[in-house]
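Here is the structure we will look at.
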Amino acid sequence: MHPSAEQPWTEGEPITDTRAPDGPLETRWERRRFAARLVNPANRRKLTVIVVGTGLAGGSAAATLGELGYNVLSFCYQDSPRRAHSIAAQGGINAAKNYRGDGDSVHRLFHDTVKGGDFRSRESNVYRLAQVSTQIIDQCVAQGVPFAREYGGLLDTRSFGGAQVSRTFYARGQTGQQLLLGAYQALARQVHAGTVKTHPRTEMLDLVVSDGRARGVVVRDLVTGEISAHLADAVVLATGGYGNVFHLSTNAKGCNTTAIWRAHKKGALFANPCYTQIHPTCIPVSGDHQSKLTLMSESLRNDGRVWVPVQAGDTRAPGDIPEDERDYYLERLYPSFGNLVPRDIASREAKDVCDAGRGVGPGGLGVYLDFADAIARLGKDAVAAKYGNLFEMYQRITDEDPYEVPMRIYPAVHYTMGGLWVDYDLRSTIPGLFVIGEANFSDHGANRLGASALMQGLADGYFVLPAVIGDYLADGPFGAVPDRDVDAVEDDVRAKVAALLAVDGDRTAESFHRELGRLMWDLCGMERSAEGLRKALERIPALRAEFWRRVKVTGSGDRLNQELEKAGRVADFLELAELMCVDALHRTESCGGHFRVESQTPDGDARRDDEHFAYVAAWEHTGAEPVLHREHLGFEAVTPSVRSYR
Amino acid sequence: MTTTQVAGSQQRHRKRQSALLRLWSSTVGKKAVMAVSGAVLLLYVVAHMAGNLKAFAGPGALDSYGRFLREFGAPVLGHGGLLWVVRVVLLLAVVLHMTAAVQLARRARRARPVGYAKRAKVQGSYAARTMRWGGVIIALFVVYHLLDLTAGVLNPNGVPGQIHANVVADFQHWYVVLAYTLAVVALGFHLRHGVFSALRSLGVASAKRAAAVRATALGVAVVVTAGFLSVPFAVLFGIIA
Amino acid sequence: MKYTLKVWRQSGPQDAGGLVEYEVDDVSPDMSFLEVLDVLNERLVLAGEDPVAFDHDCREGICGMCGLMIDGVAHGPERATTTCQLHMRHFDPAHPIVVEPWRAAPFPVVRDLVVDRSALDRIVEAGGYISAPTGSAPEAHAVAVPKPDADAAFEAAACIGCGACVAACPNGSSMLFTAAKLTHLGKVPQGQPERWSRARDMLDAQDDLGFGGCTQTGECTAVCPKGIPLTTIATLNRDVLTAAFRD
Ligand SMILES: Cc1cc2nc3c(=O)[nH]c(=O)nc-3n(C[C@H](O)[C@H](O)[C@H](O)COP(=O)(O)OP(=O)(O)OC[C@H]3O[C@@H](n4cnc5c(N)ncnc54)[C@H](O)[C@@H]3O)c2cc1C
Ligand code: HEM
Ligand code: HEM
Ligand code: SF4
Ligand code: F3S
Ligand code: FES
């Protein structure tokens with residue numbers, strides 16, 4: 001790539017989603033399911049499906065495919081499938097059940113999600129997501145997921161950022177954990193039944209493509225270091241998001257881009273890589289040693305009030321600042337949504353007040369999230385019942401008691417809307433390679449609404465993929481994979497491992513990751529400018545070159561070697577980061593999580609440019625400049641409007 | 001074999017066992033057996049302790065109580081019949097109790113072949129951690145005690161039937177009192193945790209009752225300890241002559 | 001501040017292993033215990049030595065991946081806290097801190113502080129689920145669940161599968177883990193049909209895997225980061241005993 005070039009990418013042919021049915025939105029999914037070919041139960045046993053990832057998406061998919069009778073091989077890098085990063089989700093899961101009778105419906109969830117995504121997602125997909133959402137709740141309840149309930153024994157819900165109805169189901173502050181345990185238990189049941197074989201502590205390092213089809217994966221056993229290939233009739237990637245490219249994020253330490261990045265290099269298009277979500281309510285950074293950021297669930301904004309001192313540089317303790325010298329800026333700027341504005345807005349406003357010198361706490365990178373009013377109104381017990389565990393977590397980390405002093409929060413990278421491009425059937429551009437969950441780009445457009453990732457992961461895994469994968473597998477089994485196709489990939493992987501070990505330089509992989517993260521946060525984070533992105537595009541390749549010259553990985557490849565794992569992941573982040581910046585540079589509009597300083601209204605609001613950018617940017621890897629394929633987005637049911645929460 | 005295979009093959013084997021055998025072969029089943037046999041032993045110990053208190057009623061009382069025990073049920077069971085029934089039940093209980101205890105202890109050892117270099121002070125209760133050694137002390141004591149007061153061979157007086165005299169002869173000596181005291185205190189600890197544990201082993205789970213369960217256990221332990229110790233100390237201090 | 005750590009080093013399952021002493025400078029009270037190991041590891045790597053292997057992932061106390069025996073207490077001195085959420089303000093720099101892996105026969109050491117806890121997965125696979133194939137579920141509101149039951153199920157379901165209970169139990173028993181799972185599923189109406197077989201099968205799996213039996217010592221609940229109550233074990237006992245007399 002030539003970073004100095006005016007345009008560091010090449011224009012390619014447009015791309016279309018050929019599997020999306022048209023006609024009435026309401027029946028598209030029904031019709032697609034009916035049209036999809038089925039595999040006879042006796043034949044399913046003869047078909048093997050690899051599912052990489054055991055989060056909500058991968059766990060639910062592997063379990064369901066196992067129940068259907070396919071032969072499933074499941075992989076994850078943790079020591080148990082139940083530890084996938086989905087377990088950390090706190091707030092809840094959306095579903096259009098309308099149990100409150102507050103005006104919710106499939107159509108409203110659809111509408112909110114398309115609007116929340118700033119009109120950068122596909123109507124067909126989002127409508128299906130909203131339809132399937134109600135089944136998810138039924139399924140999880142049947143599995144024994146202990147959702148919060150009312151005294152009458154019925155399910156409780158709460159409201160979440162970006163919505164005016166109460167449609168978020170939750171299990172205290174541990175919704176992701178409880179949903180994942182449900183999926184994991186379903187998976188365990190299939191392991192017992194013999195349909196699924198799990199491979200924990202196994203990392204996918206490459207994809208085997210043979211005769212134009214995805215036919216397997218090459219993995220490294222993280223305990224023995226053995227590199228081997230596993231073959232199948234289809235491969236499903238459910239490997240989660242790549243937010244860790246920023247080093248500091250709310251993601252688990254092991255979250256990585258390796259699986260999807262390698263698939264991208266093997267031909268799968270990567271869509272909207274620059275769309276990242278910054279979550280407004282995280283615990284601020286406390287020092288250089290910081291290894292990750294901790295999210296405080298967004299649900300806190302239901303009862304907490306966000307404010308900063310009116311005066312810049314006001315260092316008084318929060319309790320000493322009188323009411324009229326406080327600026328509840330979200331309530332002031334967005335009277336109808338107040339503290340519940342969508343994440344991107346809440347984040348950017350926090351950054352703005354901090355940039356104006358009104359931030360609080362060490363370094364001035366924080367705003368208050370105050371529960372004094374809620375405690376006065378509801379009582380401490382009621383607040384504790386709702387948020388007790390979150391308050392505890394906060395206190396444990398900061399040594400401050402949020403019942404007494406307001407919490408300090410600051411935005412942090414949280415979620416990546418971008419991912420591998422998939423069509424309506426969740427197929428990537430490599431036949432036989434399906435991508436589900438956060439790893440694909442599909443349903444959230446340029447910004448994801450709170451509590452919608454869990455919904456999407458489970459929709460993909462339990463309901464969508466199992467319903468359509470048969471249409472592909474009906475042509476299988478696909479026969480033996482020639483040895484040479486497998487050996488070549490294995491050799492590549494071995495060579496890369498050897499190369500990492502051979503550098504023997506003088507910097508740790510962690511130090512490169514930290515440097516890359518800071519660079520990305522500054523130049524491709526909450527605000528992006530052409531100038532900054534160009535600077536990033538100069539620095540990333542240089543950093544990558546330095547990595548391959550100076551990284552130091554100790555030990556050997558034939559046993560547990562966590563340095564080696566980390567170095568491999570950082571190496572891939574160093575490549576992905578560049579594509580993110582190219583994508584961010586090419587999209588000169590502001591939309592959702594992508595805010596270009598050049599594209600804003602006089603009040604500083606994001607300015608979307610539907611005329612030029614109503615498309616999905618799907619990037620092709622060439623080894624040189626990436627090639628841009630546009631997928632046009634049409635809106636029939638929801639008219640693109642300026643997303644206003646004022 | 002991988003852990004999956006081990007679990008799988010064992011499970012198939014299990015399915016063929018009868019429910020009770022399957023229960024006994026499990027750790028929970030063994031604990032249930034310990035709880036039931038422990039309860040039998042506890043009943044005996046409480047009755048025995050209560051009987052001992054007759055020593056305060058004068059020399060004749062204890063001896064005639066002993067005779068009564070041997071004669072009770074005689075028409076049906078013959079002389080000493082009830083006693084033998086009790087002995088058989090006790091023996092059975094002791095055997096089951098100890099078998100289960102030993103098996104569980106060995107299993108625990110196998111489950112942690114390598115210990116910790118540093119182990120912090122006990123967080124759970126002291127009584128709970130000393131069940132096994134406490135049990136051994138009690139077992140050794142019972143052997144000594146039988147030789148002492150039932151067979152009489154280790155008793156300074158040692159005349160069968162002269163229960164009162166044997167007892168008094170014993171506790172003139174501080175070291176005999178010490179030995180009995182150690183054993184009875186060990187028994188107290190054993191019961192303190194044992195009664196609580198037995199209820200839990202048999203499934204008394206309510207959190208609301210947890211405090212009551214612990215209080216009961218403590219009460220039983222204190223009463224049994226105090227009741228038993230009263231006799232040797234009364235003799236030592238000349239209250240019983 | 002400067003701390004001395006005595007860390008268990010063991011290069012592989014077959015090696016003997018032993019404690020090695022390290023000093024770490026510039027530790028701030030806001031650092032987490034794992035961040036101190038991170039600092040140590042960066043230094044070791046630059047010195048060309050093998051860094052200390054330890055498990056971790058979410059670093060926010062929910063995935064259950066981390067877990068160290070710190071000064072003889074599973075997850076360290078703070079109650080209801082995972083190792084990743086333990087901060088250095090709780091340690092006195094004057095005393096060396098001893099760091100060891102979980103120890104139990106069913107948890108063989110993989111390397112240094114990393115152990116293999118897959119035995120816990122085997123226990124769940126033996127029956128720790130409700131058989132509800134995807135698509136078969138009735139409407140969620142078809143059955144109301146009394147709030148106290150839902151809350152009790154949740155309390156037990158909060159287990160993160162870290163294995164600290166096993167590490168702490170003098171008998172090397174995984175009873176609290178198994179009991180948490182059984183209590184969770186046994187509390188909701190959906191879990192009733194398989195309740196008894198589930199109890200039996202999970203207990204048998206646990207026994208077969210070589211875990212010790214529970215003698216109600218209570219060490220497990222004292223270290224459990226999620227405060228799983230000891231009463232869950234009584235619930236397990238009751239279910240297992242009931243199961244034996246039910247068929
Ligand atoms: C702190 C936090 C809170 C959140 N709260 C909410 C919320 O309240 N509501 C909501 O809707 N969303 C929430 N989200 C977002 C949501 O949790 C995630 O988007 C979602 O869980 C992703 O699920 P997934 O199945 O796609 O991937 P993950 O759960 O991330 O799973 C990825 C899987 O892939 C495996 N894997 C990855 N790479 C490899 C590889 N190379 N080889 C082998 N295996 C690999 C991992 O082992 C893992 O099993 C939250 C996210 C965070 C970080
Ligand atoms: C013969 C010597 C004895 C030995 C070796 C022994 C050993 C043990 C052991 C190892 C335990 C299990 C520890 C635990 O559950 O935490 C136990 C429990 C118990 N013991 Fe004993 N014991 C002995 C005698 C007695 C006696 C004489 C009594 C009665 C007075 C008794 C009553 C109990 C009770 C009630 C329990 C609890 C059972 C349970 O937890 O389910 N034991 N014993
Ligand atoms: C200090 C207290 C004790 C005193 C004074 C005492 C006294 C006696 C006496 C006098 C006998 C003989 C009775 C007879 O032969 O008829 C006896 C028997 C016995 N005692 Fe004790 N005892 C004491 C404590 C205990 C304890 C703590 C235990 C058990 C843990 C115990 C268990 C027995 C048993 C098993 C027998 C034999 C019963 C039989 O004949 O089968 N005793 N005791
Ligand atoms: S019961 Fe507690 S200590 Fe045991 S695995 Fe679960 S969370 Fe960890
Ligand atoms: S410490 Fe062990 S003995 Fe039982 S109560 Fe806990 S499992
Ligand atoms: S790292 Fe996830 S619980 Fe500690």
Side-chain angles (χ1 to χ4, degrees), chain A residues 63-64 67 78-80 82-83 85 87-88 97 99 137-139 141-144 146-147 149-155 171-172 174 177-178 181 185-186 188-189 191-192 200 223 252-254 286-287 289 291-292 294 393 396-397 399 462-463 466 506 508 510-511 552 554-555 559-560 562-563, chain C residues 12 28 30-31 34-35 38-39 42 45-46 48-51 53 55-65 81 85 87 89 110-111 114 116-118 120-121 124-126 128-134 136-141 144-147 150 153-154 157-158 161 184-185 188 190-191:
Chain A
T64 306
E67 286 163 4
Q78 292 93 346
D79 72 335
S80 164
R82 77 200 305 266
R83 304 204 203 284
H85 173 58
I87 204 153
K97 281 285 198 186
Y99 282 157
I137 302 301
D138 298 342
Q139 178 62 27
V141 166
Q143 289 170 342
F147 282 118
R149 289 188 181 256
E150 310 257 25
Y151 280 98
L154 300 180
L155 294 162
R172 262 180 244 180
Q174 281 126 274
Q177 179 198 25
Q178 294 310 321
L181 290 182
Q185 286 162 203
R189 176 168 163 261
V191 171
H192 188 70
V223 174
K253 291 296 284 174
S286 75
H289 57 268
S291 59
K292 78 153 275 176
T294 303
M393 180 148 115
R396 188 165 294 152
I397 294 171
D399 215 15
Y462 281 133
F463 297 106
D506 58 0
T508 59
E510 184 70 15
S511 79
K552 171 133 190 141
T554 50
R559 56 175 66 189
L560 181 77
Q562 295 173 325
E563 267 320 287
Chain C
S28 91
D30 285 335
M31 278 168 90
L34 297 186
E35 283 165 354
D38 289 343
V39 169
E42 283 210 63
V45 169
L46 291 180
E49 291 173 47
D50 275 334
D55 264 332
H56 64 99
D57 201 25
C58 73
R59 295 214 177 182
E60 50 184 77
I62 192 71
C63 72
M65 186 97 173
T81 301
Q85 290 209 297
H87 286 79
R89 46 183 168 263
V110 173
R111 179 163 202 185
V114 174
D116 176 357
R117 286 168 290 191
S118 53
L120 298 182
D121 290 312
V124 176
E125 286 157 13
Y129 42 73
I130 290 171
S131 300
T134 306
S136 65
E139 154 61 37
H141 268 179
V145 182
K147 186 167 159 61
F154 178 88
H184 159 206
L185 298 175
V188 291
Q190 292 80 5

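Every chain is numbered from 1 and lettered A, B, ... according to where its sequence line falls, protein lines coming before strand lines.
At least one side-chain heavy atom of Val45(C) sits less than 4.5 Å from a side-chain heavy atom of Glu563(A). Using a 4.5 Å heavy-atom cutoff, the side chains of Cys63(C) and Gln78(A) are not in contact. Between Glu510(A) and Asp38(C) the shortest side-chain heavy-atom distance does not fall below 4.5 Å. Looking at heavy atoms from C-beta onward, Ser80(A) lies out of side-chain contact with Arg117(C) at the 4.5 angstrom threshold. Put simply, the side chain of Gln190(C) reaches to within 4.5 Å of the side chain of Val141(A), judged on heavy atoms. Met65(C) is listed as a side-chain neighbour of Asp79(A), based on a closest heavy-atom distance under 4.5 Å.
Here Met393(A) contributes atom CE and Ile62(C) contributes atom CD1; the two are 8.5 Å apart, rounded to the nearest 0.5 Å.
No donor-acceptor distance shorter than 3.5 angstrom exists from the side chain of Gln185(A) to the backbone of Ile130(C), with no hydrogens or angles considered. With hydrogens and angles disregarded, a donor-acceptor distance shorter than 3.5 Å links the side chain of His184(C) to the backbone of Gly144(A). Arg111(C) contributes a side-chain N or O that, together with a main-chain N or O of Leu560(A), makes up a donor-acceptor pair within less than 3.5 Å.
Comparing Gly555(A), Ser286(A), Gly153(A), Pro466(A) by heavy-atom pairs within less than 4.5 Å of chain C, the highest count is held by Gly153(A).
Nearest heavy atom pair, residue Phe154(C) against residue Ala171(A), reads CE1-O, 3.6 Å. A pairwise comparison of heavy atoms in Gly254(A) and Asp57(C) identifies N-OD1, 2.8 Å as the closest pair.
Using a 4.5 Å cut-off between heavy atoms, Ile137(A) touches chain C through backbone and side chain atoms alike. Proximity to chain A is limited to the side chain of Glu35(C), based on heavy atoms less than 4.5 angstrom apart. Only the side chain of Tyr99(A) comes within contact range of chain C, judged by heavy atoms closer than 4.5 Å. For Arg396(A), the parts lying under 4.5 angstrom from a heavy atom of chain C are both the backbone and the side chain. If you measure heavy-atom distances from Gln139(A) to chain C, the contacts under 4.5 Å come from both the backbone and the side chain.
Between Arg89(C) and Asp399(A), at least one side-chain N (NZ, or NE/NH1/NH2) sits under 4.0 Å from a carboxylate O, which counts as a salt bridge.
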*asked:* Run the side chain to side chain donor-acceptor pair (under 3.5 Å) test on Thr294(A) and Glu60(C) for me, step by step, so that the C-alpha distance in whole Å, both residues' side-chain angles and the decisive distance to 0.1 Å come before the verdict.
replied: CA-CA 7 Å; Thr294(A) 303; Glu60(C) 50 184 77; 4.6 Å; no
*Test Arg82(A) against Val124(C) for side-chain contact (heavy atoms from CB on, under 4.5 Å), laying out the working first.*
CA-CA 11 Å; Arg82(A) 77 200 305 266; Val124(C) 176; 5.6 Å; no
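Applying the side-chain hydrogen bond (donor to acceptor under 3.5 Å, both in side chains) criterion to Gln143(A), with sequence neighbours excluded, gives Tyr462(A). Listed by chain and residue number, Lys97(A) satisfy the salt bridge (charged side-chain N to carboxylate O under 4.0 Å, His left out) test with Glu139(C) (two or more places apart in sequence, or in another chain).
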